[in-house]
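These notes concern the structure reproduced below.
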Amino acid sequence: MAGGGKAHLRDPETVLMRAEDLVVEFPLGRGRVVKAVSGISLDVKQGETLGLVGESGCGKSTTAKSLIQLPPPTSGTISYSGIELTSLDDEALRTARTDLQMIFQDPISSLNPRRRIGDVVAEPLRVWGPHDRGEQTLLVNEMLEAVGIDPAVALDKRPHEFSGGQCQRISIARALVLNPQVIICDEPVSALDVSVQAQILNMLEDLKSAYGLTLVFIAHDLAVVKNISDRVAVMYLGKLCEVSESNELYENPAHPYTELLFGSSPLPDPTAKLDITMVEEGDIPSPIDPPSGCRFRTRCEYATERCAEEEPIMRKISKDHFVACHHPLVPVSEMAGVSA
Amino acid sequence: MSKAMTSSRPDGPLLSVKDLRTYFAMNAGLLKAVDGVTFDLHAGQTLGIVGESGSGKTVLSRSIMRLNLGKNVQTSGQALFQNKDLLGLPLRQMSDIWGQEIAMVFQDPMTSLNPVVKIGRQVSEHVRKHLGVSKKEARGLAIELLKSVRIPEAEVAISAFPHELSGGMRQRVSIAIALACGPKLLFADEPTTALDVTVQHQILNLLGLQQTKRDMAMVLVTHDLGVVAGRTDETIVMYAGKAVEQASTNRIFQNTSHPYTEALLRSIPKTDKPSHTRLAAIAGRPPNLITMPSGCSFSPRCPYAQDRCFEEEPPLITNEDGHTTACWYPVGTVENQAAWDKNLTAGRPSTLAVANGQIIDDVPADTVVGSP
Ligand SMILES: Nc1ncnc2c1ncn2[C@@H]1O[C@H](COP(=O)(O)OP(=O)(O)OP(=O)(O)O)[C@@H](O)[C@H]1O
Ligand SMILES: Nc1ncnc2c1ncn2[C@@H]1O[C@H](COP(=O)(O)OP(=O)(O)O)[C@@H](O)[C@H]1O
Ligand code: SF4
Ligand code: SF4
Ligand SMILES: [Mg+2]
Ligand SMILES: [Mg+2]
């Protein structure tokens, strides 16, 4: 990967959302540019949960925000339900966005501290309707109940009176109130205790089936991502490394970066083999001046000359498992070798 | 407290904490942030302190360090460090111990770094202050220290400001400062919580390496059971200000005895379980530390709770294996199985929640099995 290619994309007819060749760059002045996202292609089917994992700064949030055009990508296309989002005018885009909601990592600061919970959740309705107060109240109550918050207790309170987990439930209720199709969850459980995290993850699964939602779920915890996702995309420094059906990814990680992530994850098991040799600096290189060829090569123990020269392209290794690496850990079967 | 560690070292403990309590006087009443914690820590050993947010982990370590300031703080008990009670020392004498004999690493490295001073100077000034060496020697030592925490090109890095470094690098610098004077004891309060898994892994390895090299004792505070597994000798699980289970780390995982520890372990998603496996969330929320429930503080959420649990607080009891638990119906006992069966039959909400994997946000505190 740190590579390009689209072999992992599925038939456009069968997906709800498809992003191709997303590039997001932030100018820094004096000709310097942060290459936050450098040619990522992703798709998600109706009712599916797509997990996105990677270290902080690798471009997960930037990718997610570009999907809802906040801000639009520097280049690339995003088709949602047959509509090309990048070519919509502001008005049409605002309408399309009611289908695409986002929830964020920091549950408390993502809610306006001065407003009452009832108003926080009703806010999207003030713009999009229904405008009838009674109908609004019914919807707000329904959504709060759906996320396990008692409206009778919560409506008049303000965000600081709730715990982090409850604030995250409230922001989910607000995201749901417009009856969206897709919810993009940007590290929604990263700031929460494990016990609260489990409550929120279970609840997202329930809401997904109750409301027929499609989820894009970002996290840096591999176990969390596996738990909630049908398909997982591993990201490194603005590029995709590996895309796979979730169980398959954890059984047969094929990309050296995925292997590194697995080896670093703390397991709640004192008998698990712990590699205590790795103490060296392994911070992600700067996205201003990313390495040539494979972007992971500066940290990859399998890197060869080829990796510095040639960018690896996404290839199929098994049924729904794709990797962008010149020397993957799982052999690329000859049968699967043909890329789309 | 556990005897397992005590017997393995002939010399006495480096730190011996006895019935430590820290209360904060608040308008609403007395907030019992730490309520009776006892443990021994020997040179070169690591103690893990685990618990949810607000369980008192930070207050506990700050109490031992005497860093809980304010008129409303009431601390009692003992914290014998090399046989001196830290809780009774005048603050003037504490300041000789801080940084020299006991050091601390925090979750946010910026709390211990000065944002406008180059990192080389921060490290060397610390070294000069405590070791009384010349400026030049201190600079040399600073470079050595930065190398020991694996800062690449330390000679160049000394002229960087903290904001120019990544979070992981900043944490390395604050570890270098903490290690500068060769402390005998290091408190690491969530040192990796803000970091990526890969960087977390390196920093924990680095701490372990330095600890072995220096025969330093460490208290590792974390909310992540995965972090203590394989990296600590003993673990204390805290709930609502109390140590509810305390044993060798292996026993905590393999012979889990307290229902809260069991619930925490169960709620962690596991990579060896298939996708979409229902997680066993813990019903409800931790109690308010000012208006604590009577009896066992975990009783409103506990799937095994019986009448007795709501009335009488379970004492901390150490069994013959040195495993300490505060519970009337410890996990793995026949009494525990009977309590579970009884609650299931009675349809107790938090028991059903575990059985069915449901979420219950608020379990009424007065749900007592068998009561009208
Ligand atoms: N100076 C203070 N005055 C009053 N209450 C305090 C003070 N410091 C801490 N507390 C309270 O003491 C309790 C324990 O806090 P503590 O910071 O030790 O929790 P923790 O286990 O470290 O949590 P976290 O995982 O969030 O760091 C909390 O209820 C907290 O609000
Ligand atoms: N508005 C911005 N201006 C400049 N750089 C940015 C901006 N937003 C994000 N970046 C940079 O883009 C990269 C990817 O960031 P982000 O998408 O937030 O990563 P992640 O969500 O994976 O942690 C980082 O190097 C980040 O510093
Ligand atoms: S082997 Fe080469 S292409 Fe594959 S991850 Fe390593 S550096 Fe990149
Ligand atoms: S069984 Fe009783 S004493 Fe033990 S944790 Fe549960 S409520 Fe507390
Ligand atoms: Mg982000
Ligand atoms: Mg804390």
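In the text below, chain A, chain B and the rest are named by the order of the sequence lines, each starting its count at 1. Since the structure is predicted, the reported quantities are computational estimates derived from the model, not experimental observations.
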### Query
Does any heavy atom of chain A fall under 4.5 Å from the side chain of B:Asp224, the backbone, both, or neither of them?
side chain
### Query
In terms of side-chain geometry, is the basic nitrogen of B:Glu155 or B:Lys147 positioned less than 4.0 Å from the acidic oxygen of its partner?
yes
### Query
If you measure only the distance, is there a donor-acceptor pair under 3.5 Å linking the side chains of B:Glu52 and A:Ser195?
yes
### Task
State which residues pass side-chain contact (heavy atoms from CB on, under 4.5 Å) with B:Gln210; sequence neighbours excluded, sorted by chain then number.
B:Ser148, B:Leu179, B:Leu206, B:Lys213, B:Arg214
### Task
Considering only heavy atoms and a distance below 4.5 Å, find which of A:Ala191, A:Ser265, A:Ser229 pairs most often with chain B.
A:Ser229
## Note on the structure
Among B:Gly230, B:Gly208, B:Gly226, B:Pro274, the residue with the most heavy-atom pairs under 4.5 Å to chain A is B:Gly226
#### Entry: Which of A:Gly165, A:Ala272, A:Pro268 touches chain B most, by non-hydrogen pairs under 4.5 Å
A:Pro268
### Task
Just give me the residue among B:Ala263, B:Pro269, B:Pro286 that pairs up with chain A most often, heavy atom to heavy atom, under 4.5 Å.
B:Pro269
#### Entry: A:Tyr236 side, atom OH; A:Lys60 side, atom NZ - distance, nearest 0.5 Å
12.0 Å
#### Entry: Interface residue of largest heavy-atom contact number with chain B, from A:Leu192, A:Leu267, A:Asp221, under 4.5 Å
A:Leu267
### Task
Taking salt bridge (charged side-chain N to carboxylate O under 4.0 Å, His left out) as the test, write out the residues that go with A:Glu245, two or more places apart.
none
### Query
Judged by atom type as modelled, is there a donor-acceptor pair below 3.5 Å linking the side chain of B:Asn288 to the main-chain atoms of B:Ile290?
yes
### Query
Would you call A:Asp320 and A:Arg231 a salt bridge, taking side-chain N to carboxylate O under 4.0 Å as the test?
yes
### Query
Do you know which of A:Glu205, A:Lys226, A:Gln197 has the most heavy-atom pairs with chain B at a distance under 4.5 angstrom?
A:Lys226
### Task
Specify which of A:Asp230, A:Thr49, A:Val224 makes the most heavy-atom pairs with chain B at under 4.5 Å.
A:Asp230
### Message
Only pairs of heavy atoms separated by less than 4.5 Å count here; which of A:Ser163, A:Gly164, A:Ala223 has the most with chain B?
### Response
A:Ala223
#### Entry: Atom group of B:Asp196 that falls short of 4.5 Å from chain A, counting heavy atoms
side chain
